[in-house]
Amino acid sequence: MISKNIVVLGGGIGGIVAANQLRNELPSSINITLIERYEIHKFAASYLWLMVNLRKAEKITAPLSRLVHKDVKIIYEEIKQIDIAGKRIQTENNEISYDYLIVALGTELEKKYLNDNQYGIHNFYTYEGAQRLRDELAKIQSGEIIIAIESLPYKCPGAPYEAAMLISDYITKRGLKNKININLYTPEPHPLPVAGPELGKSVSDLLENKGIKFYPAHQLKEIKPEEKTITFNSDLTKTYNLLIVIPKHTPPAVIRNSGLTDESGWIPVDRNSLETQFENVYAIGDVNSISIPGRWQPDKPMKLPKAGVFAHSQALTVSEIINSKIFGKEIKSSFCGDGFCMLEAGEDLAGFAYGDFFAAPHPDVKIKKLGKAWHLGKVLFERWWLAPSGFRKSFYKILIQLGAKSLNIPIKL
Ligand SMILES: Cc1cc2nc3c(=O)[nH]c(=O)nc-3n(C[C@H](O)[C@H](O)[C@H](O)COP(=O)(O)OP(=O)(O)OC[C@H]3O[C@@H](n4cnc5c(N)ncnc54)[C@H](O)[C@@H]3O)c2cc1C
C-alpha cells in the first residue's frame with residue numbers, strides 16, 4: 001500500500017477545495033494535512049453584502065472543520081517556515097514533513113490604511129472592516145463617498161466596482177441619492193483592464209447609469225485623515241466624508257524566505273500544472289503569479305487576476321495531478337485559464353463575465369447583460385460554499401459544466 005504525506009498550507013478557498021478533493025479521491029493510506037491559523041472560515045465574497053447590511057456577519061462564516069472532510073487532519077497554527085530543501089513545514093508547535101506540498105496562503109493586506117477607522121478610512125476587504133463600514137454607511141447623511149484603489153494587484157478585480165454599485169443602491173434605498181456622491185478612483189485605465197477595453201466600457205457604463213463618478217488612471221499618493229483629504233499622483237486633492245480604500249496587497253510574510261518567490265514576491269508557477277520550480281511543490285490561488293498574453297501597461301506583462309474562481313479550479317487541477325503522480329497514472333489534468341465572475345450591480349442584479357484568460361494575443365473575456373439569474377447564481381454559490389463538506393463533494397465542476405453548456409457559455413474547468 002502506497003503511503004504519502006500531502007500537506008496543504010492555508011485553509012482558504014484553494015486550500016479547502018484541494019484538501020477535500022484529495023481526500024475524496026485518495027485512499028486512507030495517503031495522509032492529508034491542512035494547516036491554517038484560523039478555526040473560523042469567513043467567506044470574503046460576501047463582505048460586499050455584509051457592508052450594505054444584506055447579510056448578518058454570522059451568516060457568512062463557518063467553522064473550518066465543518067467545511068473540510070472529517071478525515072483531513074487540520075492543524076490550527078501559524079506557519080512559521082517553509083523548508084523546501086528539508087521538505088518540512090515549521091509551525092508554532094509542530095514540524096510536519098511532506099512528499100507533496102500545496103501552498104495556498106493567499107495575500108496579506110498592508111496595515112497602513114486598514115484599521116484607521118477613527119479618521120474615516122474604511123475598507124470592505126476584511127470581515128471587521130466590512131462591519132465597521134456597514135455602521136458608517138448607515139450613518140452618513142450627505143457629502144462625498146470616495147472609493148480608492150491603493151495599488152495593483154488586488155484580489156477580485158470586480159469587487160471595487162461591485163461595491164460602488166451596491167453602495168449606490170443602498171444610498172438610494174435610504175432616500176439619499178441626491179445628497180451623496182459616490183466617486184471611484186483607480187490607477188487602472190478602465191475597469192477590469194485584464195478583460196480588455198470593451199468589457200471595461202460595459203462596466204463604466206453601468207457606473208455612469210447609477211450616477212457613480214469614475215476616475216481611471218488616478219494613483220493614490222497621500223491621505224490626510226485629519227483634514228479628510230486624499231491626493232493623487234497628478235496632485236489632484238479631494239475632500240471626503242467617507243473614504244473607502246482597497247488596501248495594498250502583499251505576498252504572505254512566511255513565503256518571503258522560502259526560496260519559492262521571484263523578485264515580485266509572489267510564487268511563479270507553470271501555468272498549466274501550477275508546479276513551482278521545485279518538484280512536487282505547487283502554489284495555487286492568490287499567492288501565485290501567472291503571466292498571461294497581452295499588455296495594458298507598455299512595460300508590464302499581464303498577470304492572471306487574483307480571484308477565488310481561479311484558486312478553486314487550480315486546486316482541482318493540482319489534486320488530480322498529485323493523484324496521478326502518486327499512482328503512476330498519465331497526467332491528464334491541466335489548468336486552462338478559463339474563469340468567470342458574477343458582477344453584483346445592486347437591485348438584485350448582476351452581470352456575468354467569463355472567458356479564456358490564456359487566449360492569445362490577449363484574454364478573450366465577455367460579459368452578459370445584467371440579470372437576476374446571475375445574482376441568484378452568486379447567492380447559491382455562497383450557500384453551497386458554506387454548507388457542510390458532506391453536501392459539497394465535487395458537484396462544483398459538474399454544475400459549472402452543465403450550467404455553461406445549457407447557457408451556451410464556452411468555459412471549461
Ligand atoms: C470583498 C471581496 C470580494 C470577493 N469576491 C470574489 C468573487 O466574487 N469571486 C471570486 O472569484 N473571488 C472573489 N474574491 C477573491 C477571493 O476571496 C480570493 O481570491 C480567494 O479567497 C483566494 O483564495 P486563496 O486560497 O488563494 O487564498 P485565501 O482564501 O485568502 O486563503 C489563504 C489562507 O491562508 C491562511 N494563511 C496565510 N498565512 C498563514 C500562515 N502563516 N499560517 C497559517 N495560515 C495562513 C489565511 O488565514 C487564509 O485562510 C473576493 C475577495 C474580497 C476581499
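Just so you know, residue 1 is the first one in the sequence shown, and it goes up from there. Order of listing sets the numbers, starting from 1, for every ligand and every atom in it. This one's a predicted model, so the numbers in the text were calculated from it and none came from an experiment.
For Ala311, every heavy-atom contact with ligand 1 shorter than 4.0 Å involves the side chain, none the backbone.
Ion pair Lys213/Glu208 not flagged as a salt bridge, since none of the NZ, NE, NH1 or NH2 atoms sits closer than 4.0 Å to an Asp/Glu carboxylate oxygen.
No side-chain donor-acceptor contact under 3.5 Å links Ser46 to the backbone of Trp49. Asp364 places no side-chain N or O within donor-acceptor distance of the main-chain N or O of Asp356, the cut-off being under 3.5 Å. In this structure, the side chain of Glu77 does not engage the main chain of Thr91 through any donor-acceptor pair within 3.5 Å. Under the 3.5 Å distance criterion, the side-chain polar atoms of Ser258 are left unmatched by any main-chain donor or acceptor of Val254. A donor-acceptor pair is defined here as one N or O able to donate and one able to accept, closer than 3.5 Å; no such pair exists between the side chain of Thr229 and the backbone of Pro225. For the pair Lys306 (side chain) and Asp286 (backbone), a donor-acceptor distance under 3.5 Å is present. Using a distance-only test at 3.5 Å, with no hydrogens or angles considered, a donor-acceptor pair links the side chain of Gln314 to the main chain of Gly285.
Remark: ligand 1 and Lys155 share no N or O pair separated by less than 3.5 Å (distance only, no angle test). Note: no N/O pair closer than 3.5 Å links Tyr38 and ligand 1 by distance alone. Geometrically, ligand 1 and Val309 share a nitrogen or oxygen pair separated by less than 3.5 Å. In terms of N/O distances under 3.5 Å, ligand 1 is not approached by Cys156.
Less than 4.0 angstrom separates some heavy atom of Lys378 from each of these atoms of ligand 1: 8 (O). Close approach of ligand 1 to Gly285 is summarised as follows: ligand atoms under 4.0 Å from at least one heavy atom of the residue are 26 (O). Shown in contact with Tyr125 at under 4.0 Å from a heavy atom are these atoms of ligand 1, numbered in order with element: 53 (C). Taking a cut-off of under 4.0 Å to the non-hydrogen atoms of Phe124, the atoms of ligand 1 that pass are 1 (C).
The closest protein non-hydrogen atom to atom 12 (N) of ligand 1 is Gly308 N, 2.9 Å. Closest to atom 29 (O) of ligand 1 among all protein heavy atoms lies Ile13 N, 3.1 Å. Ranking protein heavy atoms by distance to atom 43 (C) of ligand 1, first place goes to Arg37 N, 3.4 Å. Looking only at heavy atoms of the protein, atom 35 (C) of ligand 1 is closest to Glu36 OE1, 3.0 Å. Counting only heavy atoms of the protein, atom 2 (C) of ligand 1 lies nearest to Ala44 O, 3.5 Å. Nearest protein neighbour of atom 25 (O) of ligand 1, counting heavy atoms only, is Gly14 N, 2.8 Å. Atom 18 (C) of ligand 1 has its closest protein heavy atom at Asp286 OD2, 3.3 Å. Scanning the protein heavy atoms around atom 30 (O) of ligand 1, the nearest turns out to be Gly106 CA, 4.0 Å.
Shown here is Glu58, whose CD atom has more than 12 heavy atoms of other residues, nucleotides or ligands within 6.0 Å.
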Under the salt bridge (Lys or Arg N to Asp or Glu O under 4.0 Å) rule, what do Asp205 and Lys201 come out as? Steps first, then yes or no, please.
CA-CA 6 Å; Asp205 286 350; Lys201 168 94 175 47; 3.0 Å; yes
Can Glu95 and Lys80 be said to form a salt bridge (Lys or Arg N to Asp or Glu O under 4.0 Å), step by step?
CA-CA 10 Å; Glu95 200 176 84; Lys80 295 288 186 193; over 6 Å; no
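A heavy-atom separation below 4.0 Å is found between Glu77 and ligand 1. Ligand 1 has Ala104 within reach: a non-hydrogen atom of the residue lies less than 4.0 Å from it.
Across the listed options Val17, Ile79, Leu105, Val103, Ile79 owns the non-hydrogen atom lying nearest to atom 42 (N) of ligand 1.
Within the structure, side-chain hydrogen bond (donor to acceptor under 3.5 Å, both in side chains) pairs that include any residue of residues 154-168 comprise Tyr154-Glu188, Tyr161-Glu188, Glu162-Lys378 (at least two apart or interchain).
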